[in-house]
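Only one structure is covered here, and it is reproduced in the block below.
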There are 4 protein chains.
Amino acid sequence: MTRSKSRKVPDITSPWEPFEDRRRARDIKREAVLRVAVHLFLEQGYDRTSLNEVAERLNITKPALYNYFANKEEILVECYSLGQELSEGALTRMREQDGDGLFRLRGLIRGHALTMAQDFGQCLVRIDDRVLSPEARREVRAGKRLIDAGFRAFISEGIADGSIRPCDVKLTAFAIAGALNWIGHWIQPDGDRSPEQIADEMALRLTEGIANTA
Amino acid sequence: MTRSKSRKVPDITSPWEPFEDRRRARDIKREAVLRVAVHLFLEQGYDRTSLNEVAERLNITKPALYNYFANKEEILVECYSLGQELSEGALTRMREQDGDGLFRLRGLIRGHALTMAQDFGQCLVRIDDRVLSPEARREVRAGKRLIDAGFRAFISEGIADGSIRPCDVKLTAFAIAGALNWIGHWIQPDGDRSPEQIADEMALRLTEGIANTA
Amino acid sequence: MTRSKSRKVPDITSPWEPFEDRRRARDIKREAVLRVAVHLFLEQGYDRTSLNEVAERLNITKPALYNYFANKEEILVECYSLGQELSEGALTRMREQDGDGLFRLRGLIRGHALTMAQDFGQCLVRIDDRVLSPEARREVRAGKRLIDAGFRAFISEGIADGSIRPCDVKLTAFAIAGALNWIGHWIQPDGDRSPEQIADEMALRLTEGIANTA
Amino acid sequence: MTRSKSRKVPDITSPWEPFEDRRRARDIKREAVLRVAVHLFLEQGYDRTSLNEVAERLNITKPALYNYFANKEEILVECYSLGQELSEGALTRMREQDGDGLFRLRGLIRGHALTMAQDFGQCLVRIDDRVLSPEARREVRAGKRLIDAGFRAFISEGIADGSIRPCDVKLTAFAIAGALNWIGHWIQPDGDRSPEQIADEMALRLTEGIANTA
DNA sequence: TATGAATGAGAATTCATTCAT
DNA sequence: CATGAATGAATTCTCATTCAT
């Protein structure tokens with residue numbers, strides 16, 4: 001690992017590097033915690049996953065976790081955030097791309113489907129956010145609404161530009177989002193379809209009915 | 001209540017009535033427990049709902065619950081069962097009705113959508129069955145697979161009889177089921193669409209793309 | 001059984017018989033409770049045996065037990081009593097028989113050994129009387145002391161009449177009682193020695209050292 | 001406390017001391033728990049002794065106990081172990097000593113008698129091992145059988161070398177063990193015989209009958 | 001930064017006992 | 001007599017979190 005190597009010779013190069021180094025090491029450890037945590041959360045549920053288990057898998061002790069996170073909730077919130085970023089990234093990318101509403105919608109579908117193929121993405125729909133404190137929940141839900149708004153926006157856009165047939169926007173968005181979110185519940189790492197295949201298929205299937213291809 | 005009335009004159013009508021009466025009273029109470037429990041489970045999550053809360057809402061004490069259920073898990077399992085029955089009922093009904101695959105699929109969609117509008121139905125998709133013991137989980141999942149198999153069967157049937165365009169059956173079934181299950185997450189009792197409206201809309205929307213209407 | 005016969009024709013013979021009958025039936029049931037209870041107490045320990053289990057084995061319900069016993073403790077106390085009576089019977093019998101101290105001691109040993117071969121006898125030494133309320137415990141211990149006093153009396157008697165060699169009476173009594181009480185811990189219903197064989201062997205073995213056979 | 005003193009100057013003496021120190025402190029605390037626990041177990045019985053009581057006497061809180069023991073059963077098992085070691089020590093010592101069977105038997109008797117004068121030894125015979133899980137019970141019973149086997153071995157040895165008169169080995173061993181185990185039930189800390197006196201007396205009394213002194 | 005220890009809060013479950021029927 | 005239901009009290013155990021070191 002380059003991390004451990006650089007840790008051996010910090011003073012030689014620059015007195016600032018150690019800080020950099022340390023911060024980076026810290027971030028790496030934070031990430032490791034999150035990866036292990038989200039994995040266990042998905043495997044056993046949030047409430048049934050004790051911080052002890054998380055710590056054990058990382059070969060540290062429970063209180064050590066508190067160096068990186070204020071509490072258990074913060075861990076979950078960050079897992080949500082990382083998942084959220086995945087879909088938001090797709091949303092942003094499609095917003096910035098040229099193309100009609102249908103094209104953008106399909107892009108978002110693909111992006112959201114791929115999100116659901118990852119642990120952090122899955123936790124968005126498989127870990128109930130009712131375990132969060134009201135404030136944290138509000139924030140998380142705001143994030144989720146963003147994506148939903150994205151679906152609706154692209155659908156409306158498509159209807160406006162003629163690429164999508166008129167339909168009940170809200171319900172259609174819910175239907176699409178639901179079909180995609182469900183992926184997180186049935187997808188298997190070693191399934192016979194790759195995440196990309198699933199994403200592509202969904203992008204078509206979920207828009208067939210509304211696409212104005214006639 | 002008729003119960004208390006009949007209790008006053010048991011010997012006159014029938015020596016069996018008291019028993020019947022008691023059994024019925026028992027069932028009524030069991031049901032009340034389940035209704036309160038599923039409500040709280042949906043509101044706060046299973047792990048965060050203590051039996052104390054359930055009991056309190058019923059104006060009884062916690063140990064009294066153990067007269068009706070062996071343990072907390074059994075309560076959840078029965079909630080799942082009641083939810084499961086809702087969709088299975090729709091499945092059975094459509095199986096017995098005449099009509100092509102598309103027709104049946106739409107019926108099942110409607111039925112499953114309506115299931116998702118009820119507490120017992122929602123708990124199927126909103127309470128993580130990973131809290132169950134392996135045996136109980138196996139049983140619950142078997143039930144869920146039944147519904148999924150129903151979707152696939154009707155789609156296959158439709159493809160065979162020409163009412164549905166050839167498509168990836170498994171993925172399509174997942175997409176439809178996902179869109180419907182998601183209803184349980186967003187529907188609101190006082191929303192501007194009635195469950196029936198949602199069900200009808202979904203029955204159309206989710207089949208538009210695959211219906212062979214040309 | 002004559003019990004069931006007489007129960008069928010109670011009014012014919014005498015208006016008083018039913019009472020007798022009822023009392024007897026009651027006693028029979030009490031005994032049944034005690035037999036089942038002591039068995040379970042020995043099998044699982046007093047605290048770990050719930051009245052439910054006792055009731056179940058008798059095909060009745062828990063509250064029904066309260067018709068025969070005031071509480072769980074009373075059941076145990078009566079089990080002790082029945083065991084106590086076994087040894088006390090032997091003590092009384094030997095007291096009334098002619099013979100020197102050694103003869104009587106051996107008789108008591110035999111009697112106490114046989115007591116330890118029965119459930120009620122075993123409970124004397126295998127169920128800790130510390131589970132009893134102070135009053136009940138006092139009574140039970142008084143009974144146990146009676147037996148112990150019997151051992152000492154016979155030993156002293158034997159020393160006085162020359163059939164037993166001078167020895168530390170108290171310690172010798174404890175040693176003999178201990179050896180006998182231990183039988184309750186190792187004896188097995190289907191062992192290769194009958195209770196009588198064990199009793200006889202003990203009567204000899206435990207007195208060999210102190211018998212004045214020279 | 002010396003602990004706090006050494007804690008002030010750890011680096012001077014050795015970098016390992018703190019660790020040693022901690023481990024030792026931990027062991028000391030574990031031992032304290034066991035001593036309090038066995039005392040209460042003997043006083044009130046295992047089931048009637050709550051971990052709360054144990055903790056209270058130690059001026060800690062109940063969950064703190066779980067730092068040292070996995071559960072209540074483990075505490076009991078360790079109490080048994082400590083008691084077991086006492087007698088096993090005597091057994092081993094006598095095995096290694098020169099002398100005939102009678103000599104060794106007497107040594108084991110003395111050792112076992114002294115075991116019964118201590119809390120940990122008493123719990124072997126006064127706490128019913130039926131409260132243990134099957135696995136734990138098996139282990140504990142294996143230990144008990146070891147001692148019993150020791151008694152039998154020394155008796156057989158004595159018969160073989162002529163120091164003990166031929167007798168029913170199994171029954172004799174049971175009788176001796178029983179007499180000794182009973183000590184745990186009647187001995188009193190402030191009795192008029194010291195444990196050593198009792199032990200010596202028992203070593204003689206229990207072998208008088210079988211010793212080949214003629 | 002990391003750890004062992006400790007704690008407060010809480011949860012499920014068990015059970016002897018009571019009571020109305 | 002017997003029962004179903006209910007309860008209060010207790011108990012074991014878990015866990016997130018804190019703190020001194």
Side-chain angles (χ1 to χ4, degrees), chain A residues 22 25-26 29 47-55 58-75, chain B residues 4 7-8 10 18-19 21-23 25-26 29 47-55 58-75, chain C residues 22 25-26 29 47-55 58-75, chain D residues 4 7-8 10 18-19 21-23 25-26 29 47-55 58-75:
Chain A
R22 240 185 260 163
R26 189 184 160 80
K29 287 184 189 165
D47 278 317
R48 299 176 106 84
T49 302
S50 82
L51 290 188
N52 239 337
E53 285 173 280
V54 177
L58 290 161
N59 292 319
I60 59 173
T61 59
K62 187 168 39 166
L65 293 174
Y66 285 83
N67 284 319
Y68 304 103
F69 301 92
N71 49 42
K72 192 181 179 186
E73 183 174 69
E74 191 178 303
I75 296 181
Chain B
S4 58
R7 212 197 267 147
K8 302 283 178 192
F19 274 118
D21 219 37
R22 260 200 200 171
R23 196 168 345 160
R26 189 183 165 80
K29 288 183 189 164
D47 279 317
R48 300 176 104 85
T49 302
S50 81
L51 290 188
N52 238 336
E53 286 173 280
V54 176
L58 290 161
N59 292 318
I60 58 174
T61 58
K62 187 170 37 166
L65 294 173
Y66 286 84
N67 273 323
Y68 303 100
F69 301 92
N71 48 44
K72 194 181 177 185
E73 182 176 69
E74 191 177 302
I75 295 181
Chain C
R22 241 183 260 164
R26 189 185 159 79
K29 286 184 190 165
D47 279 317
R48 301 176 106 83
T49 302
S50 81
L51 290 188
N52 238 337
E53 285 173 280
V54 176
L58 290 161
N59 292 319
I60 58 175
T61 59
K62 189 168 39 166
L65 293 174
Y66 285 82
N67 284 319
Y68 304 103
F69 300 92
N71 50 42
K72 192 181 179 186
E73 183 176 67
E74 190 178 302
I75 296 181
Chain D
S4 58
R7 214 194 268 149
K8 301 285 178 193
F19 274 118
D21 219 38
R22 259 201 202 172
R23 194 168 347 158
R26 188 183 165 79
K29 287 182 190 165
D47 278 317
R48 300 177 104 84
T49 301
S50 82
L51 290 188
N52 238 336
E53 286 174 278
V54 176
L58 291 161
N59 292 318
I60 58 174
T61 58
K62 189 172 32 170
L65 293 174
Y66 286 83
N67 274 323
Y68 303 101
F69 301 92
N71 49 42
K72 193 182 177 185
E73 183 176 70
E74 191 178 302
I75 296 181

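Atom CG of Leu58(B) and atom P of dT7(F) are 11 Å apart (whole Å). Atom CD1 of Ile75(A) is separated from atom C1' of dT17(F) by 12 Å (rounded to the nearest Å). Nucleotide dA6(F) holds its P atom 15 Å from the CG atom of Leu51(B), rounded to whole Å. For the pair Asn52(D) CG and dA9(E) P, the computed distance is 14 Å after rounding to whole Å. One can place CG of Asn59(C) at 18 Å from P of dC1(F), the figure rounded to the nearest angstrom. Rounded to whole Å, atom P of dC13(F) lies 10 Å from atom CD of Glu74(D).
At least one donor-acceptor pair under 3.5 Å links the side chain of Lys72(A) to the backbone N or O of Thr49(A). Judged by distance alone, the side chain of Glu74(A) and the main-chain N or O of Asn71(A) form no donor-acceptor pair under 3.5 Å. Although no hydrogens or angles enter the test, the distance criterion places a donor-acceptor pair under 3.5 Å between the side chain of Arg26(A) and the main chain of Asn67(A).
The base-pairing partner of dT21(F), taking Watson-Crick or G-U wobble contacts with both distances under 3.5 Å, is dA2(E). For dG8(F), the paired nucleotide is dC15(E), the pair qualifying as Watson-Crick or G-U wobble because both relevant distances are below 3.5 Å.
Regarding contacts with the backbone of dA5(E), a side-chain N or O of Arg26(D) is found under 4.0 angstrom from either OP1 or OP2. Checking the phosphate oxygens (OP1, OP2) of dA2(E), no side-chain nitrogen or oxygen of Tyr66(A) falls inside 4.0 Å.
Contacts of Phe69(A) with the nucleic acid, taken as non-hydrogen atoms under 4.0 Å apart, are absent.
When distances are taken from the side chain of Asn71(C) to each of dA11(E), dT17(F), dT17(E), the shortest belongs to dT17(E). With distances taken from any side-chain atom of Pro63(A) to the nucleotides dC15(F), dA6(F), dC19(F), the minimum falls on dC19(F). Closest to the side chain of Lys29(B), out of dA16(F), dA5(F), dC13(F), is dA5(F).
A donor N or O paired with an acceptor N or O is found under 3.5 Å between the base of dA16(E) and the side-chain atoms of Lys62(C).
Scanning both residues, Leu65(D) and Leu51(D), for their nearest heavy atoms gives CD1-O, 3.5 Å. Residues Glu53(C) and Arg48(C) come closest through the heavy atom pair OE1-O, 3.5 Å.
In terms of position on DNA chain F, the residue among Asp47(D) and Tyr68(B) whose nearest nucleotide sits closer to the 5' end is Tyr68(B). In this structure, Leu65(D) and Ala70(B) both approach DNA chain E, and ranking their closest nucleotides by distance from the 5' end singles out Leu65(D). Nearest-nucleotide mapping onto DNA chain F: of Ala64(B) and Asn67(C), the residue sitting toward the 5' end is Asn67(C). For Lys72(C) and Thr61(D), each mapped to the nucleotide of DNA chain E holding its nearest heavy atom, the one lying further toward the 5' end belongs to Thr61(D).
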